[in-house]
Amino acid sequence: MNPQLQSNINKASEVIGKTWPLYSFVTSNPLSGFEKSNFLSAIQQATKYWGGYALPEASVFEDAWKNGEINQTILTALLVEKDFNKQPEFYLQQMAEQSHEKGKNANHDVDSMMCKWLAAFLDEGFAEWEMPYKSDGFFTAWRKLAKYDKELNHTRKDIPKDATSTLELILKDYDEKDQLEIFKYHIAALPGWTGFIKHRVQGNTAWQQKYPISLADYLAVRLWITKSKDSELLPLASTKQQQNTDLELKYIWLKAWEQSWQQQLSKTLKPSLTLGSIATKKLSDAQFVFCIDTRSELMRRHLEAKGNYETFGYAGFFGIAMDYKNPENGLVRKSCPPIVNSAYQVTEIAQKGKELKLSTYLKQAEETKFSNYFLKRLKNMLPSAFGFVEISGLLYGVSLTARTIFPAYLNRIKKQHKPNHEHICETSIHAYADEHTELGIPISEKAAIVKSAFDLLGWKEFAPLVIFTGHGSQSANNPFASSLDCGACAASPGRHNARMLAKIANQNAVRIYLKEVYEIEIPDDTFFMGAEHNTATDEITLFDSQAPESHQQLIQKLKSDLKQVQLSAAKERLGTDKDAVKLALKKSNNWAETRPEWGLARNAAFIVGPRNLTKNLHLGGRCFLHSYDWETDSEGKALESIMQGPMVVGQWINNHYYFSTVNNDQFGGGSKITQNVIGKFGVVQGNGGDLKIGIPLQSVKASDQKNYHQPLRLSVVIQAPTAWIVDIIERNEHIKTLLHHEWIYLMVMDPLKDNDIKLYNKNWISEKNRVAEFID
C-alpha cells in the first residue's frame, strides 16, 4: 500500500480502541488512543468524531451531592479557582439545562450498508450460509459481490481492483490533512466494527489468517459506497459539541467527587497504618493468594474472620504468561494479560494412575460434542428443521419452564452428571519455541516464575497449606459472561493458572533450586494447591485430588470453614438474611437474569501494600488489593513490575466502567434485554447497527435512572518510599503519561515519613524534594 496512505490510516485508527470478542471480552479503555492527551482534551477530541458526550450528566452529580459523596469545601474551592463564584446548586441547574441530543447522522445509510457487509464477512461460524469469496479478503469479496447489492447498482468493472487504488482514486483531490480527517471520521463512525477489525489485525487471530480484513479494506469499501451515494466524505460540521462552559463545570464536579473519595479513603486507611505496624500473629493454618480483583476483597475479609487464615493479593494469572488448551474441545485461549505475549502453552495430562479415567472423560466429551453438533444440524437444515420443531417443541417447552422455575436445581443435576477434569488431570507446561515446536521448561525457568510471585507478594514465611485461588463467574444466557471472569487472564477463568503455579511450586527440583540459588527455603510440610473462587455464588472450590494424606485433616476443616464463608459472604453481597447461597445459585443459573452479579462495578481504587493496611477494613468491594512489602523489595524492582502491569490493567478496567456508565449508548454494551448476538463474537442492539463495545447497561446501572457504578477515575495508593516511586515514573513513559494526563491518580504512603498520605503531582519529577499537601 501507498506508505503515506497507510501512515494516515494508522494515525486515524487511534480514535478508536479495540473491540474484544464475546468469548474473551477484555475490559479496556475505549479511548486508549488518546492517552497521550490530557483527559479533558482527550474526551473533547474523541466526542468530535464519535459524537455524544463523555462526562457524567448533571443528574449523576446531583445524586452524589445529595448523598454527601461530594465534599462541599473541596467543590467550592475548585469552582472558585475557575471563577465560578455562585452556589453549587446554581451550577447543577445550569448543567441540567444543557442538552446532549446527538446530532443527525449524515451517513446513516452508509453505516447501515457497512454493517450488513461487515456482519456477513466477519461471521465466525454463526451463520448457516457463509459469505462467498471470504478467503480472498474483505475488499475483494465485496467487489465480487457488490453487483448483487441493489442499493449500489454498480458492476465489478466500475470498482478499482484493490483497496489502495480505490482510496487513491477517491482521495485524489484532497490534501494529506483532509485525508487524515476523512479516515478519522469514517473509522469512528462505526467504532465497534472498526475496533473489532483492529483487534483481529493486531492479534493476527486464526479467523484473520483465514479471512483477512484491514482498516484499509474497510475504508476503501466505505468511501466507495459513500461516494456512490453522493454523501459527504467529511461531514464534521454537523457533529454537535458540548459547550466549553458545560464541559469545564462538569470536569470540576468530577474532580471534586474524586478528591472527596480520596479524602475518605485516606481517613479509612490511616488508623490501620498504626495498628497494623504493631500487630503480631502466629503462623497461619493456610495462606490464600487471591486475584487483585475487587470482588476478592469481600472473600478475603470473611475468610480471615473465620479462622487462622492469611490472604494475599496477586494478579490472577499468577505470573504465568500462558495460553490454555481445553481438553474438552481442543481450543486454545489466552490466559494472561492482553498486554503480555504468551510464552507458554498449558495442557492437561492424566494424574498418575488415572489414565483410564481421562480416556473415558475425553470419550464422553467427544460424544457430547457430536450430540450438540447433530442437534444443531437438525434444527438448521431445511429438510429437517420443520419436523424437528414439531417433534421436539413440547420437550423444549418443558425444559424452558423448568429452567425458569428451578434453575439452581437443574444446574446441580447437570454438575452431578458432568465429571470435573481437575480431579483426574494435572496441568503440564511447555514453552513456545516457535510456531511448530513445544519444549519443556528448564528448572531454572520454573523457579524464576515461583520466585517472581514470592517477590511481588513480599512473602516471608509459608503455612502448611498455600492456596492459589483463581476466579471465574457463572451465568446462563449471558453473551458477556467472559467479562465477569478474570481480566488478568484475558477474560478466562484463573483456575488453570492457579493449578499450574501450585504444581510448579510443589516440585522438589524447583524447591532445591530456590534454596540453593535464591536462598528461599520452603518448609517440607508446605503444600501448594490450586482453587477457584466463583464470584457469582461465593463458593471456593479446592483442587485437592493430589493433596498428601498428611494434610487431609486440615483440608477437611478448611472445606467446612469455606462453606460458612460462602454463606456469610453471600449474605453481605446480596444484602439478605435469607438463604443467600440459594439466591446466588438461582441468579447465576436463571436464563432470564440480566444481572447474575455486579462484576467490578464501583471499582475506584488500587491499593499496593501489605495486608495490614486493609485488614479488618470494609472497603465495599471498591478496591483492587495487590500485596506488596517494600522492605523485601530490593530497589523497588517488584514495585515497578506492579506499576507496569497490574496497575495499567486496573486503569483499563476502571476506564471501561467509567465510559460505559457516563454514556452507555456510545461506549457501553446497551441493554441486555434488546441485545442480539452476531457472528459469535459481538452483540448489536435490536436487529443491526454498530457492535457494542463496553459493559452492558445492567452491569453499571441499578435502574434506568440510577447508576450503581460511580464514574470515578482510578486512585492508586502505594506504600513505598517516595524516591522509589518517582524514579519508576521517570523511567516509564507510559506510567508518566497516565499520571500527568490525569487518567489515574497516585496517592503515596511513604513508610520513611510516618506513612503520611500525599497526592502525587507532576512537579515531583522535576523537584524531587517537593511534596504535595496532606489529604485531610
Side-chain angles (χ1 to χ4, degrees), residues 287 289 291 312 314-325 327 332-352 425-459 462 466-470 486 488-490 492 494-524 526-530 543 546 626-628 632-642 644-646 649:
Q287 294 166 319
V289 184
C291 181
F312 298 81
Y314 186 38
F317 75 112
F318 296 106
I320 307 178
M322 60 179 254
D323 294 338
Y324 176 75
K325 185 175 183 179
V332 178
R333 282 187 56 181
K334 193 173 181 66
S335 193
C336 62
I339 58 176
V340 175
N341 292 323
S342 298
Y344 311 108
Q345 183 179 105
V346 169
T347 58
E348 300 282 357
I349 60 174
Q351 295 176 15
K352 188 176 181 180
C425 294
E426 61 182 75
T427 50
S428 178
I429 190 168
H430 305 273
Y432 281 127
D434 57 43
E435 293 183 3
H436 308 291
T437 307
E438 293 181 352
L439 299 174
I441 302 176
I443 294 300
S444 59
E445 200 165 332
K446 292 181 179 180
I449 292 173
V450 178
K451 179 183 181 298
S452 176
F454 293 170
D455 286 348
L456 265 66
L457 292 165
W459 226 317
F462 300 89
V466 178
I467 302 163
F468 298 114
T469 312
C486 183
C489 299
S492 295
R495 62 200 299 168
H496 315 302
N497 299 65
R499 292 167 57 226
M500 190 70 255
L501 182 57
K503 179 180 177 179
I504 293 174
N506 279 327
Q507 291 178 349
N508 190 51
V510 171
R511 294 191 181 201
I512 293 173
Y513 193 96
L514 288 170
K515 181 178 179 180
E516 293 180 349
V517 178
Y518 298 120
E519 299 180 354
I520 298 174
E521 186 168 0
I522 301 173
D524 293 338
T526 292
F527 179 74
F528 295 89
M529 185 163 58
F543 303 125
Q546 293 179 290
H626 201 302
S627 295
Y628 172 72
T632 66
D633 185 15
S634 174
E635 300 175 0
K637 292 181 180 179
L639 177 60
E640 187 164 8
S641 296
I642 294 171
Q644 288 174 328
V649 173

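- Among residue pairs with one or both ends in residues 495-504, those qualifying as salt bridge (charged side-chain N to carboxylate O under 4.0 Å, His left out) are Glu348-Arg499, Glu422-Arg495, Glu426-Lys503, Arg495-Glu532; sequence neighbours excluded.
- Atoms CZ and OG1, on Phe543 and Thr469 in that order, are 9.5 Å from each other to the nearest 0.5 Å.
- Pairing each heavy atom of Ser627 with each of Leu457, the nearest pair is CB-CD2, 3.9 Å.
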Run the numbers on Leu501 and Phe528 for side chain to side chain contact (heavy atoms under 4.5 Å, CB included), then give the verdict.
CA-CA 8 Å; Leu501 182 57; Phe528 295 89; over 6 Å; no
Let me see the working for Val289 and Trp459 under side chain to side chain contact (heavy atoms under 4.5 Å, CB included), right down to the final yes or no.
CA-CA 11 Å; Val289 184; Trp459 226 317; 3.6 Å; yes
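- Checking Arg333, Lys334, Met322 one by one against Ser342, the side chain to side chain contact (heavy atoms under 4.5 Å, CB included) holds for a single residue, Lys334.
- Judged purely by atom type and a 3.5 angstrom limit, Asn497 uses its side chain to pair as donor or acceptor with the backbone of Ser335.
- When all heavy atoms are compared, the tightest approach of Tyr314 to Ala453 is OH-CA, 3.5 Å.
- When all heavy atoms of Gly530 and Ala502 are compared, the pair lying nearest together is N-CB, 3.7 Å.
- Considering CD of Glu521 and CD1 of Ile512, their distance stands at 11.5 Å, rounded to 0.5 Å.
- To the nearest 0.5 Å, atom OG1 of residue Thr347 and atom CG of residue Asp323 are 12.0 Å apart.
- Side-chain contact between Val450 and Ile520: absent, with no pair of heavy atoms (C-beta onward) separated by less than 4.5 Å.
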Evaluation steps, ring pair (Phe, Tyr, Trp, His ring centres under 6.0 Å), between Phe454 and Phe462:
CA-CA 10 Å; Phe454 293 170; Phe462 300 89; 5.0 Å; yes
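- Asp633 contributes a side-chain N or O that, together with a main-chain N or O of Ala638, makes up a donor-acceptor pair within less than 3.5 Å.
- Note that CD1 of Ile320 and CD1 of Ile429 are 5.5 Å apart. Values are rounded to the nearest 0.5 Å.
- Between Ala498 and Gly470, the closest heavy-atom pair is CB-N, 3.8 Å.
- Looking at Cys486 and Phe317, their side chains never come closer than 4.5 Å, going by heavy atoms from C-beta outward.
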With side chain to side chain contact (heavy atoms under 4.5 Å, CB included) as the test, would you mind laying out the steps for Ile449 and Tyr344 before giving the verdict?
CA-CA 12 Å; Ile449 292 173; Tyr344 311 108; 4.0 Å; yes
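- In this structure, CD in Gln644 is found 9.0 Å from CD1 in Ile339, a value given to the nearest 0.5 Å.
- Atoms CG and NZ, on Leu514 and Lys446 in that order, are 12.5 Å from each other to the nearest 0.5 Å.
- Residues Ala321 and Asn341 come closest through the heavy atom pair CB-O, 3.6 Å.
- When all heavy atoms of Ala315 and Pro646 are compared, the pair lying nearest together is CB-CG, 4.1 Å.
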